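Heads up, the thing below is written out as structure tokens.
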2 protein chains.
Amino acid sequence: MNFQSALIFISAMNLKELAHNLGLSQTTVSRALNGYPEVSEATRRKVHEAAEAHNYRPSVRAKSLATGRSMTIAHVVPVSSQHEMVNPIFSDFIAGAGEEYSRAGYDLLLSVVPDSEQDKMYRDLVTRQAVDGLIVQAPTLTDNRIPLLHELNIPFVVHGRSSGVLSDYNWLDVNNRRAFERATSLLLDLGHRRIALLNGLATLDFAHRRSDGYKRALLERGVAVDPDLIAHEEMTENYGYEVARKMLATSNPPTAFLVSSIIPAIGVRRAVKDAGFEFGRDVSIVIHDDDLSYFRNIGDVPLFTAVRSSVRDAGKRAAAMLIEIIRQRQEGQKDHPPMQTLMEAELTIGQSTGPLPVPTSTTHT
Amino acid sequence: MNFQSALIFISAMNLKELAHNLGLSQTTVSRALNGYPEVSEATRRKVHEAAEAHNYRPSVRAKSLATGRSMTIAHVVPVSSQHEMVNPIFSDFIAGAGEEYSRAGYDLLLSVVPDSEQDKMYRDLVTRQAVDGLIVQAPTLTDNRIPLLHELNIPFVVHGRSSGVLSDYNWLDVNNRRAFERATSLLLDLGHRRIALLNGLATLDFAHRRSDGYKRALLERGVAVDPDLIAHEEMTENYGYEVARKMLATSNPPTAFLVSSIIPAIGVRRAVKDAGFEFGRDVSIVIHDDDLSYFRNIGDVPLFTAVRSSVRDAGKRAAAMLIEIIRQRQEGQKDHPPMQTLMEAELTIGQSTGPLPVPTSTTHT
DNA sequence: TCAGTCAGTCAAAGCGCTTTGGAAGTTTGG
DNA sequence: CCAAACTTCCAAAGCGCTTTGACTGACTGA
């Protein structure tokens, strides 16, 4: 094994040598390996065996130059300038997408950039011809990456939507509005009226849609929206803790929290307990659960009542969608309508919700 | 802007055209752009301006074929077959590494594969000539990727070490043994004798080193190691919860927990509270804190007492190390000794530790 | 003044593949 | 039996860069 591998490296077999060894032309060898029909089965077999024996694999460098395809898809993940943080859902999203990519023979190019430099990076990746397609994550309310990529004329899929962008584009999203409307209604049904919303960054489109669902549900029941009960921030545990702590310390504290991710929800739970309240009794929590692999909200009765939608599954589907779009483009089919998928979140009841505690809906200091 | 961009795409400027436009040869234009000295300043300026105006960027495909360098570094992240999970520290590690890569003009190729297919993927990436270097993550006790990459003769850096591999290689690691020895000593100093260890997967090298530190500290004080108090698993919140719950329900429960990551520690904390114990009083917890960006263990008095080492910083350093190694290799310097960095974790006292509660040091059944 | 040096430029080869446009050899059909 | 049609293979061009080796004209020094 050692010996063989060493040989393999030293010879660094390329197509020319392989063809020479076989007494065949490069054309024939290339065709045999790529499954073209104009090669006899006997020859193809011989070629495959030789390739195997020499551990030959075509150079992606040469291949992509010759074919004009890089067989690479990029994800550009922004590092927040605020907290130097990477959104923790990315690892699961990428795990899902990566599965599809490797199945289809694509490589994943991951570009980690400060959020201010995103546009430049997208433009770069395309003009350098580094990728065949892109995934756009965490779109803002009117995201300029979408028109940019349209201009650059490269296949792309948006994970989420951008309300301010009117042109058509390919996207895959969760029905955030409905999910949060349902979650809010659930809390209202339980008698809660002081319901806090701990949302993601206000610039992000999904946060807006979630607010929307929340507000709709409140207004439908005639409950006024209290801006003091709405927070927008990056979804860290500390954020959940601090915001909940402050809100619970007010004279008219919320009796329920709607939290955009399980991570800040952990912080909220901590704040609730620290304040001497009983979780799921005095104070209820409903979360949006991305079904993160390292933080599963499961069990007979899961810890949190949640609207759930697997971000890993989203990654997988978005990737499949993009691969299909690239395929269509390569077949020269230009007139396909955009692909758009809306997924519904599923509501699960956990330990974190209960009816509004007896005394009354508001406690006076 | 729209108009200009559209033009840019349509023309899809390449070196040939650019040179022709300028009335110069490709050679000169290429040299001007790549900063070679044998080009007059006047010419260089003109070339840069024209390149800027036409939004020209050399094709990475052609460039890498011509230079033999792909300017790409790969991270192969395994998806656990057990829980289909991606280690949550990867996003921060990659954020750190990505910063260095973009500074140095490298792209990051991320390969997400089932852990069983890792070897194949490493071999593939190298023989396809897709990358100039690799980072190896989460090494096992005797990790065969290390000899493999040696054979393939490609620059690589290991994040962690592999005790069973005797050859020299480049690595960057935290002093896990000492960190856990100190953490254990701290608990012993507080009077604890029943100290549980919730470790990572037993196959991983770092888990072994951590066990080692833990056991040394115990033995030094003459405290016997109780195998019932040691658990090895993937570091999910649920794991922390379940294990702690079971241990606390025994007749001779631990009074302290040493937990390998903040994520299962959240679960431990939950179990402690559920069992009616007071966190940081009845039951102490010390964690290893990777300083995850979305889960900062901070504040005047952080939630957890911890041995801390930023995984983001590790990513950054590992990347810088790899880039330097690649540089040396390209300069034709073959005889460099391996680069090896051992980082010390820092101990922080938080709310999660306190002296052993009054009754006595060991409770008898 | 003239060989020697140097700054600035270029034509062409080459990186390792794919793919086009034949060209043999082999069957088939009338 | 011969033209037509396959089948199977090949030589060479091309992908868009970098880099080698050479060439020109201007400048230097003795």
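None of the values given here were measured: they were computed from a predicted structure. Naming convention: chains lettered A, B, ... in sequence-line order (proteins, then strands); numbering from 1 in each chain. These values consider heavy atoms only, across backbone and side chains, with no hydrogens, waters or symmetry-generated copies.
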Does B:Lys46 pair with B:Glu49 as a salt bridge, N-O distance under 4.0 Å?
-> no

B:Leu22 CG to C:dT9 P, straight-line distance once rounded to whole Å = 11 Å

Rounded to whole angstroms, how far apart are CD on A:Glu38 and P on D:dC9?
-> 10 Å

Just to confirm, is there a sub-4.0 Å distance from OP1 or OP2 of D:dC15 to any side-chain nitrogen or oxygen of A:Ser64?
-> no

Given atom CZ of A:Arg69 and atom C1' of D:dG14, what is their separation to the nearest angstrom?
-> 18 Å

Atom CD of A:Glu41 and atom P of D:dT7 are separated, to the nearest Å, by 13 Å

Can you tell if the side chain of B:Asn170 reaches within under 4.5 Å of the side chain of B:Val158, non-hydrogen atoms only?
-> no

Contact state string [nucleotides 17-28 of chain D, B base, S sugar-phosphate only, - no protein heavy atom under 4.0 Å] | BBBBB-------

Quick one: A:Arg61 CZ to C:dC15 C1', roughly how many Å, whole number?
-> 10 Å

Which of these, A:Asp143, A:Asp168, A:Asp173, sits in a salt bridge (Lys or Arg N to Asp or Glu O under 4.0 Å) with A:Arg161?
-> A:Asp173

Note: A:Arg45-A:Glu41 ion pair, threshold 4.0 Å (strictly below) | no

Heavy-atom closest contact (A:Ala32 atom, A:His48 atom, distance) | O-CE1, 3.7 Å

B:Glu100 and B:Arg103 ion-paired at < 4.0 Å = yes

Tell me, please, which residues at least two apart from B:His159 pass ring-ring contact (aromatic ring centres under 6.0 Å, His included).
-> B:Phe93

Overall bend - the helix from C:dT1-D:dA30 to C:dG30-D:dC1, comparing terminal axes fitted on five pairs, nearest 10 degrees | 40°

Any side-chain donor near an acceptor of the partner, A:Ser25 and A:Thr28, under 3.5 Å = yes

Grab the NZ-C1' distance between A:Lys46 and D:dC9 for me, whole Å please.
-> 12 Å

